[in-house]
Amino acid sequence: MVALVDSITNGTCTDITIVDVRSKDEVGATGIIPNAHVLPLGEIDKALAMSPEEFETTFGFTKPTEEDHLVLYCLRGMRTEKALVVFKEHGYNKVDTFPGSWIEWSENTKK
């Protein structure tokens with residue numbers, strides 16, 4: 001999964017959206033995977049019910065469609081499983097989780 005995320009961050013893979021489900025404060029304190037978008041776990045259900053225009057105004061990126069491929073991550077991977085359930089409840093079936101999440105990615109990029 002690290003290789004996939006790296007291909008997204010370096011621009012060689014452009015058809016997958018990385019979504020960080022942590023709070024903006026937590027992201028600010030630890031960092032974010034390049035090219036990822038923040039959509040906090042507690043706001044996903046409401047966000048996915050928004051119009052595309054309202055979503056983009058609120059979150060600063062284009063609302064994913066049910067056909068888009070998403071990769072979710074958080075700090076260690078536990079919240080991504082909860083987020084995955086919410087996305088699936090809204091009809092999103094091309095959603096994967098990055099099990100090692102921020103911890104794994106940041107450790108691998110230090111090398």
Side-chain angles (χ1 to χ4, degrees):
M1 186 60 78
V2 171
L4 174 63
V5 171
D6 284 345
S7 71
I8 298 165
T9 62
N10 70 25
T12 58
C13 180
T14 58
D15 61 341
I16 298 174
T17 301
I18 303 174
V19 179
D20 189 327
V21 301
R22 300 176 293 160
S23 71
K24 289 180 182 180
D25 288 342
E26 185 178 354
V27 169
T30 59
I32 189 168
I33 293 175
N35 300 324
H37 302 285
V38 178
L39 182 56
L41 175 60
E43 299 179 42
I44 295 172
D45 189 47
K46 180 180 171 186
L48 296 179
M50 291 178 174
S51 70
E53 296 79 17
E54 183 181 7
F55 182 98
E56 188 164 0
T57 299
T58 304
F59 297 102
F61 68 101
T62 302
K63 182 181 179 181
T65 68
E66 291 87 352
E67 293 81 35
D68 290 339
H69 187 178
L70 308 174
V71 174
L72 311 177
Y73 81 96
C74 58
L75 184 66
R76 291 188 173 89
M78 292 182 275
R79 285 172 279 185
T80 61
E81 294 300 326
K82 293 176 183 176
L84 178 66
V85 170
V86 179
F87 273 97
K88 290 200 180 267
E89 288 172 347
H90 282 269
Y92 290 76
N93 293 310
K94 293 173 68 177
V95 183
D96 293 304
T97 62
F98 181 8
S101 285
W102 172 256
I103 296 292
E104 182 178 349
W105 186 85
S106 63
E107 286 299 317
N108 279 300
T109 58
K110 288 179 186 176
K111 296 177 182 176

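Being a predicted model, the structure only gives us computed values, none of them experimental.
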Taking only residues at least two apart or on different chains, which pairs with a member in residues 43-68 satisfy salt bridge (Lys or Arg N to Asp or Glu O under 4.0 Å)?
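Qualifying pairs, neighbours excluded: none.
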When rounded to the nearest 0.5 angstrom, what is the spacing between OG in Ser106 and CD1 in Ile32?
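Output value for this atom pair is 13.0 Å.
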Atom CD1 in Ile18, atom NE2 in His37: separation rounded to 0.5 Å?
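These two atoms lie 8.5 Å from each other.
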Heavy-atom closest pair, residues Trp105 and Pro34:
CH2-CD, 3.3 Å
Do you know the tightest heavy-atom contact between Thr80 and Ser101?
CG2-OG, 3.9 Å
Do you know which of Thr17, Asp96, Asn93 makes side-chain hydrogen bond (donor to acceptor under 3.5 Å, both in side chains) with His69?
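It is Asp96, the one option of Thr17, Asp96, Asn93 that forms the side-chain hydrogen bond (donor to acceptor under 3.5 Å, both in side chains) with His69.
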When you group the ILVMFWY residues by side-chain heavy-atom contacts below 4.5 Å and let the links chain together, are Ile103 and Val71 in the same group?
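The answer is yes; both residues are in one hydrophobic cluster.
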Flag the pair Thr97 / Glu81 as yes when at least one side-chain heavy-atom distance between them is below 4.5 Å, and no otherwise.
yes
Look at atom NZ of Lys82 and say whether more than 12 heavy atoms of other residues, nucleotides or ligands are closer to it than 6.0 Å.
no
Transitive ILVMFWY cluster of Leu72 at side-chain heavy atoms under 4.5 Å: who else is in it?
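So far as hydrophobic clustering goes, Leu72 is joined with Val19, Val21, Leu39, Leu41, Ile44, Leu48, Met50, Phe55, Phe59, Phe61, Leu70, Leu84, Val86, Phe87, Tyr92, Val95.
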Side chain to side chain donor-acceptor pair (under 3.5 Å) pairs, two or more places apart, involving residues 18-31
Asp20-Arg22, Asp20-Tyr73, Arg22-Thr30, Glu26-Arg79
